[in-house]
Amino acid sequence: MGIIRSRLFVLVPAIGLAIVFLAETAVAAGRSEPWQMWFQPAASPVMERIIEFHNFIFIIEVLIVVLVLVLMGYIIIRFNAKSNPVPSKTTHNTILEVAWTAVPLLLVIIIAVPSLKLLYYADRIEEGEMTLKVIGNQWYWSYEYPDHGAFAFDSIIIEDENLEPGQPRLLSVDNSVVLPAETNIRLLFTSADVIHNWAVPSLGLKLDAVPGRVNESWVRINSEGDYYGMCSELCGVNHGFMPVHIKAVSKADFAAWVEQAKQEFAGENSNAGVRVAKADTRVR
Amino acid sequence: MANEATAAHGSHDHHPHGWRRWLYSTNHKDIGTMYIILSIVAAIIGGAMSVLIRLELMYPGIQFITDFQFYNVLVTGHAFLMVFFVVMPAMFGGFGNWFVPLMIGAPDMAFPRMNNISFWLVAAALVLLLISAFTQGGPGTGWTVYPPLSNVEYHPGPAVDLGILSLHLAGASSILGAINLIVTIFNMRAPGMTMHRMPLFVWSILVTAFLLLLAIPVLAGGLTMLLTDRNFGTSFFETSGGGDPILWQHLFWFFGHPEVYIIIIPGFGIISQVISTFSKKPIFGYLGMAYAMVFIGFVGFVVWAHHMYTAGLDADTRAYFVAATLVIAVPTGVKIFSWLATMWGGSLEFPAPMLFACGFIFLFVMGGVTGVALANSGMDLAWHDTYFVVAHFHYVMAIAAVLSIFAGFYYWIGKMSGRQYPKTLAKIHFWMFFIGVNVLFFPQHFLGMAGMPRRIPDYPDNYWGWNYVSSIGALITSISTVLFLFIVWRTFAAGDKVPANQWGEGATTLEWTVDSPAPFHTHEVLPDMTVQAPAE
């Protein structure tokens with residue numbers, strides 16, 4: 001018992017170190033790696049701040065766990081019935097009790113301040129350079145570009161047997177949502193049926209698409225690339241099969257894509273029964 | 001008080017026999033036993049469901065669950081069974097019934113007939129839930145039952161209605177049980193057993209009873225609104241009729257968050273008794289421990305929206321819920337440190353219950369620190385609805401609760417059955433279970449960090465590694481559970497007789513003053529606690 005416990009003390013910091021090490025060496029962007037133990041690399045300012053904040057609270061977490069384990073291990077060895085046949089009768093120590101109330105309270109305040117900063121930073125942006133509307137459907141996403149002629153299209157998962165080489169399974173869609181990199185994009189979410197959740201881990205994005213409501217968030221994608229996510233609110237039978245694929249391109253490529261997309265999706269109405277706004281009432 | 005007359009008759013065995021003894025039972029011990037049996041039955045079903053889930057997720061691609069509605073029903077059923085029909089009946093109904101009267105020196109519960117209906121309502125609720133799972137596709141809504149998914153448009157057929165009725169019955173049962181325990185604890189303590197002398201297990205049940213009394217009616221209201229939305233054309237949660245699906249989330253989590261404390265607080269009580277007994281010391285900081293539970297219960301009612309950080313709530317609202325949620329770390333920290341301080345200076349023995357108690361502290365601390373991290377709305381952008389949340393709540397609430405149930409089981413089975421459990425097998429059970437659940441749930445932290453969503457029957461191939469490890473852990477855990485069932489059988493079939501106090505000098509609470517097994521009627525002459533030293 002004692003031996004196994006004491007091995008645990010070696011194991012836990014070792015695992016902690018391994019995690020930090022892996023965090024440093026993870027390179028691929030946009031989706032998870034095999035045996036990944038840490039966040040996907042940040043591809044947006046919000047995700048950078050999430051990871052930064054987490055690195056801070058993670059240290060506190062590890063210290064607390066190690067403290068409790070070390071204490072418990074020491075107590076088990078020092079005060080087992082063989083080492084300590086006569087139990088003490090101590091049941092109070094006011095200073096100790098005040099201390100273990102006050103110190104956690106202090107820790108909580110230390111955590112709360114950066115936490116609230118992160119909350120407000122991630123919430124929304126005053127002036128977006130463009131707007132993307134995201135509409136959840138059972139079981140696919142629809143996208144609208146109200147600032148670019150309000151064309152819209154559906155984005156549906158590619159079945160396993162139709163995947164082309166290089167397309168990740170369960171994450172690839174027929175029409176990816178194309179967005180310009182290094183642009184402040186305002187995001188509006190709603191749903192045509194049940195509650196869905198549009199999530200892209202590497203961008204620190206996650207917000208419910210709720211029928212009858214418009215939720216707002218924002219994103220700035222640091223660099224061009226492919227970013228993947230999945231629906232993150234149980235939405236029925238095919239909940240696991242409505243991925244998000246963002247293709248971030250340069251502003252010039254985006255403008256070219258918009259022209260092409262206007263042609264391609266002209267007149268194609270998204271199947272969504274709900275529109276969050278008409279083109280002529282759009283917000284800039 | 002009125003029992004001296006009965007005692008004078010010496011009528012120890014005046015009770016119905018055969019099926020009448022159980023069906024008509026008004027005896028707190030028999031009812032407690034029935035609760036525990038029901039809990040074990042539900043645990044086998046709910047556990048089997050989780051094994052099916054883990055087998056499906058062992059490899060990428062669809063293994064054998066081709067009907068994804070069935071997968072969602074498994075997810076839903078596992079949660080409902082484990083929350084309402086395993087943990088609550090075992091701790092609140094089972095140990096609560098058995099040991100609250102014994103510990104406070106009362107001859108029985110305040111309302112024995114109400115006690116009977118409490119049990120049979122939960123038994124009926126279990127049957128309804130199982131019928132629901134096999135009715136027209138079953139409820140694939142998750143235990144959160146969020147509309148519109150749970151509304152009639154997306155879940156036609158009676159499955160969700162049966163589920164709602166099941167929860168109504170289980171809720172009514174819990175309210176009645178809560179009233180019974182509150183009245184018993186307030187009015188039937190032996191002379192001299194003041195509130196501040198009650199064992200901490202009794203305190204934990206008292207706090208839990210108040211949580212149930214205040215939380216369940218809110219759930220019942222919400223469920224009724226959902227039921228009328230589904231069947232009578234109302235639109236409380238239906239946008240097209242002026243309702244709001246987010247309203248359901250507020251109602252559900254106003255119940256749902258206290259519910260997780262309903263699950264874990266009796267565990268606090270059990271762990272306190274076990275640690276005190278096997279440290280051969282009174283609990284350290286008794287008043288702090290008791291009022292920490294009261295405080296956790298109180299704060300538990302004002303933090304519900306931390307389950308809804310990504311629902312689109314206003315930033316200021318979320319800021320409040322972040323702050324309120326973080327505060328819970330303080331009283332839980334007090335409890336952890338008080339348990340350690342109780343052990344400090346003690347003369348520690350490590351039979352199976354104490355092993356489970358130490359395992360509980362480890363799991364609870366692990367789940368506690370991830371809980372502090374999850375309390376931050378900003379972190380939820382990364383973790384909400386991922387396996388990180390699954391790992392967190394299984395550590396802090398689900399498996400911690402199960403560890404405390406096992407601790408309580410081994411601690412009290414001698415008192416309940418009069419027989420000694422097989423000691424070595426019980427220790428093997430602990431180590432297998434402890435290793436199994438850690439292999440099962442620790443890798444899920446990594447999956448959540450990497451962004452894998454919950455409640456999906458298949459996942460992108462890169463999540464394979466830790467899913468495989470997690471499923472291996474599930475298999476270890478399920479083997480250990482089979483071992484537990486074997487231990488139960490061995491205890492009853494071949495266990496030695498145990499004395500009234502099998503744990504020696506550390507076991508100071510009143511249940512150890514009566515014979516083992518506890519006779520049908522106990523404390524017929526009320527124990528006089530006025531001369532005893534205070535429990536603290």
Side-chain angles (χ1 to χ4, degrees), chain A residues 1 32-40 50 53-54 57 61 64-65 68 71 75 79-81 84-85 87-88 90-91 97 100-101 104-105 108 111-112 115-116 118-120 122-123 168-171 194-195 197 201 204 206-208 210-213 215 230 232-238 240, chain B residues 68-69 142 146 148-149 154 239 245-246 279-282 284-285 288 310-312 315 318-319 322-323 326-327 329-330 333-334 336-337 340 343-350 361 365-366 369 373 376-379 381-382 384-385 446 449-451 453 455-458 460-463 465 536:
Chain A
M1 171 82 199
S32 68
E33 290 284 289
W35 297 100
Q36 184 168 332
M37 298 165 85
W38 205 247
F39 293 116
Q40 297 177 22
I50 289 175
F53 174 65
H54 181 262
I57 55 174
E61 288 173 44
I64 292 171
V65 172
V68 171
L71 267 176
I75 290 168
F79 296 108
N80 69 57
N84 193 41
S88 85
T90 317
T91 58
E97 287 179 65
W100 72 42
T101 313
L105 198 61
V108 160
I111 290 172
S115 170
L116 295 183
L118 172 64
L119 190 167
Y120 283 99
D123 184 43
R169 201 175 68 86
L170 297 181
L171 293 173
V194 303
I195 301 174
N197 183 304
K206 187 170 282 164
L207 199 58
D208 282 4
V210 184
R213 280 193 179 220
N215 281 339
M230 301 170 83
S232 293
E233 182 62 62
L234 180 62
C235 61
V237 175
N238 289 323
Chain B
F68 301 145
Q69 175 70 13
Y146 281 1
L149 183 60
Y154 303 100
T239 314
I246 303 295
S279 304
K280 306 191 192 95
K281 266 181 74 190
F284 186 97
T310 65
R318 279 179 285 145
V322 168
L326 283 171
V327 166
V330 177
V334 167
I336 296 280
F337 292 125
L340 291 178
M343 291 164 71
W344 189 281
S347 181
L348 303 178
E349 311 240 16
F350 291 96
I361 292 180
V365 168
M366 276 295 307
V369 294
N376 302 290
S377 177
M379 289 316 302
L381 293 173
H384 178 85
D385 213 65
F446 305 144
M449 294 289 275
R455 295 168 164 173
I456 52 174
D458 190 6
D461 304 348
N462 284 352
Y463 293 120
E536 48 176 314

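A note on names: the letters A, B, ... follow the listed sequences, proteins ahead of strands, and every chain is numbered from 1. Hydrogens, waters and symmetry mates are skipped; everything else that's a heavy atom, side chains included, is used.
Only the side chain of B:I336 comes within contact range of chain A, with heavy atoms under 4.5 Å apart. Interface residue A:N215: only side-chain heavy atoms are found under 4.5 Å from chain B. Contact annotation for A:N80: both backbone and side-chain heavy atoms come within less than 4.5 Å of a heavy atom of chain B. Contact of B:V322 with chain A is made through the side chain alone, with heavy-atom distances under 4.5 Å. The parts of A:P34 that come within reach of chain B are both its backbone and its side chain, each placing non-hydrogen atoms under 4.5 angstrom from that chain. Residue A:P168: no heavy atom, backbone or side chain, is found under 4.5 Å from chain B. For A:L116, the part sitting under 4.5 Å from any heavy atom of chain B is the side chain, from C-beta outward, and nothing else. For chain B, the nearby part of A:L171 is the side chain; its heavy atoms alone come within less than 4.5 Å. Both the backbone and the side chain of B:T310 come within contact range of chain A, with heavy atoms under 4.5 Å apart. Both the backbone and the side chain of B:A311 come within less than 4.5 Å of a heavy atom in chain A. Using a 4.5 Å cut-off between heavy atoms, A:V108 touches chain B through backbone and side chain atoms alike. Heavy atoms closer than 4.5 Å to chain A are found in both the backbone and the side chain of B:P460. A:I57 touches chain B through its side chain: at least one heavy atom from C-beta onward sits under 4.5 Å away, while N, CA, C and O do not.
Atom-to-atom distance recorded for B:Y463:OH and A:L170:CG is 10.5 Å, nearest 0.5 angstrom. Taken from CG in A:N84 to NZ in B:K280, the straight-line distance is 9.0 Å, to the nearest 0.5 Å. In this structure, CD1 in A:I75 is found 4.5 Å from CG in B:L340, a value given to the nearest 0.5 Å. Between the CZ atom in B:F446 and the OG atom in A:S32 there is a gap of 14.0 Å [rounded to 0.5 Å].
Residues B:M366 and A:V65 meet the side-chain proximity criterion, which asks for heavy atoms closer than 4.5 Å. In this structure the side chain of A:F53 reaches within 4.5 angstrom of the side chain of B:M379, judged on heavy atoms. You'll find the side chain of B:D385 stays beyond 4.5 Å of the side chain of A:N197, heavy atoms only. A:L71 is listed as a side-chain neighbour of B:W344, based on a closest heavy-atom distance under 4.5 Å. Side-chain contact check for A:I111 versus B:L326: some heavy-atom pair is nearer than 4.5 Å.
With respect to chain A, the highest number of heavy-atom pairs below 4.5 Å among B:V330, B:V327, B:I361 belongs to B:V330. The most heavy-atom pairs under 4.5 Å with chain B, out of A:L119, A:L118, A:I50, come from A:L119. When the candidates B:I456, B:L381, B:I246 are compared by the number of heavy-atom contacts under 4.5 Å with chain A, B:L381 comes out ahead. Interface remark: of the candidates A:H54, A:R169, A:M230, A:R169 forms the most heavy-atom pairs closer than 4.5 Å to chain B. Of the residues considered (A:N238, A:L105, A:V194, A:V68), A:V194 shows the highest number of contacts with chain B, using heavy-atom pairs under 4.5 Å. Between chain A and the residues B:G285, B:S377, B:G346, B:P245, the largest count of heavy-atom pairs under 4.5 Å involves B:G346. Per-residue heavy-atom pair counts under 4.5 Å with chain A were compared for B:P457, B:A450, B:P453, B:S279, and the maximum is reached by B:A450.
Across every non-hydrogen atom of A:F39 and B:A382, the tightest pair is CE2-CB, 3.7 Å. Closest approach of A:I195 to B:P148, counting heavy atoms only: CG1-CD, 3.8 Å. In terms of heavy-atom proximity, B:S347 sits nearest to A:A81 at OG-CA, 3.5 Å. When all heavy atoms of A:P87 and B:K281 are compared, the closest pair comes out as CB-CG, 4.1 Å.
Under the 4.0 Å criterion applied to side-chain N and carboxylate O atoms, A:D123 and B:R318 are assigned as salt-bridge partners.
Between the side chains of A:S115 and B:N376, at least one donor-acceptor pair of N or O atoms lies under 3.5 Å.
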(message) Run the side-chain contact (heavy atoms from CB on, under 4.5 Å) test on B:F337 and A:E97 for me, step by step, so that the C-alpha distance in whole Å, both residues' side-chain angles and the decisive distance to 0.1 Å come before the verdict.
(response) CA-CA 9 Å; B:F337 292 125; A:E97 287 179 65; over 6 Å; no
